[in-house]
Amino acid sequence: MGKTKNNHSKGENDYFGRVIKIASLTFGLALIFTVLSEYFIARTQSIFFATFFLVVIILLNIVFDIVGTAVAAAEEAPFHAMASKKIRGAKESYLLVRNADKVANFCNDVIGDIAGTISGALGISLALQIGRYFPGYLALINILITSFIAAVIVAGKALGKKIAIEKAEKVIALAGITIYHLEKNMKVKIIKDS
């Protein structure tokens, strides 16, 4: 009896430790990306660049959501078979699927929430820049831009979820080969065999 309780307690400690790590990572990444976006916005008083940066952040949000959903829907077996044949990116794909809960949490929650926050900040910045040309309509411009950003993100994620579920193995294979090349070129381990 005592042994089961200790194993259960250890599992809870590991889980809560992971939660603390992911919260710390989220805080750090949000801090870095928010500072960078604020710096970018302050330096660039261009509607074009603010819009471009906003589109990039929205696309990253949608892409990471697709990966997070696909990793939860994909099966390990095809990637295990490809990894045994030493196909590039197969081991990384296998590790993504094997760690689906962690990968989905990172992609959907950490990146998704940070990108959502930054999108909102960029939307406000864009509204302020556009509002300089239409001073009496700043509130309306802000409402329209914020609503548009929300609609694009939700529609993009809805479309992405359909792709992620129907083509999970293809999505994860693409993510795996991308990680393979990033790790090879940057000389850093992105996903570890745990």
[X] versus [Y], closest heavy-atom pair with distance:
{"X": "I141", "Y": "G131", "answer": "CD1-CA, 4.0 Å"}
{"X": "V71", "Y": "G68", "answer": "CG1-O, 3.2 Å"}
{"X": "G176", "Y": "S93", "answer": "CA-OG, 3.3 Å"}
{"X": "A70", "Y": "V171", "answer": "CB-CG1, 3.6 Å"}
{"X": "N61", "Y": "G116", "answer": "ND2-N, 3.8 Å"}

Assigning hydrophobic clusters by single linkage (Ile, Leu, Val, Met, Phe, Trp, Tyr; side-chain heavy-atom cutoff under 4.5 Å), is [X] placed with [Y]?
{"X": "L182", "Y": "L95", "result": "yes"}
{"X": "L60", "Y": "V152", "result": "yes"}
{"X": "V188", "Y": "I191", "result": "yes"}
{"X": "F134", "Y": "L140", "result": "yes"}
{"X": "F27", "Y": "F33", "result": "no"}

Rounded to the nearest 0.5 Å, what separation is found between the [atom1] atom of [X] and the [atom2] atom of [Y]?
{"X": "I114", "Y": "L29", "atom1": "CD1", "atom2": "CG", "answer": "4.5 Å"}
{"X": "T146", "Y": "L126", "atom1": "OG1", "atom2": "CG", "answer": "9.5 Å"}
{"X": "I20", "Y": "I22", "atom1": "CD1", "atom2": "CD1", "answer": "11.5 Å"}
{"X": "I130", "Y": "Y137", "atom1": "CD1", "atom2": "OH", "answer": "15.0 Å"}
{"X": "L138", "Y": "R132", "atom1": "CG", "atom2": "CZ", "answer": "11.5 Å"}
{"X": "K85", "Y": "H80", "atom1": "NZ", "atom2": "NE2", "answer": "12.0 Å"}

- [ ] Tell me, with the steps shown, if N108 and F64 meet side-chain contact (heavy atoms from CB on, under 4.5 Å).
- [x] CA-CA 6 Å; N108 296 79; F64 272 88; over 6 Å; no

Open item on the list: Would you say NZ of K157 has more than 12 non-hydrogen atoms from neighbouring residues, nucleotides or ligands within 6.0 angstrom?
Closed with: yes

Open item on the list: With a sphere of 6.0 Å drawn around NZ of K167, does it hold more than 12 non-hydrogen atoms of other residues, nucleotides or ligands?
Closed with: no

Open item on the list: Is there a side-chain contact (heavy atoms from CB on, under 4.5 Å) between I57 and L122? Walk through the geometry before answering.
Closed with: CA-CA 9 Å; I57 295 297; L122 287 170; 4.0 Å; yes

Can you tell if the side chain of [X] reaches within under 4.5 Å of the side chain of [Y], non-hydrogen atoms only?
{"X": "L174", "Y": "V67", "answer": "no"}
{"X": "V97", "Y": "I172", "answer": "yes"}
{"X": "I47", "Y": "Y133", "answer": "yes"}
{"X": "D65", "Y": "C107", "answer": "no"}
{"X": "I58", "Y": "I62", "answer": "yes"}
{"X": "F79", "Y": "L96", "answer": "no"}
{"X": "I145", "Y": "I124", "answer": "no"}

Say whether, by atom type as modelled, one donor and one acceptor occur between the side chain of [X] and the main chain of [Y] under 3.5 angstrom.
{"X": "K187", "Y": "K184", "value": "yes"}
{"X": "E169", "Y": "E75", "value": "yes"}
{"X": "S84", "Y": "A81", "value": "yes"}

Task: Verdict with supporting geometry, D101 and N105, side-chain contact (heavy atoms from CB on, under 4.5 Å) - done: CA-CA 6 Å; D101 62 329; N105 176 249; over 6 Å; no

Open item on the list: Please enumerate all residues that pass salt bridge (Lys or Arg N to Asp or Glu O under 4.0 Å) together with K189, with sequence neighbours excluded.
Closed with: E183

Task: Check against side-chain contact (heavy atoms from CB on, under 4.5 Å), R88 and I177 - done: CA-CA 6 Å; R88 289 182 188 169; I177 195 74; 3.5 Å; yes

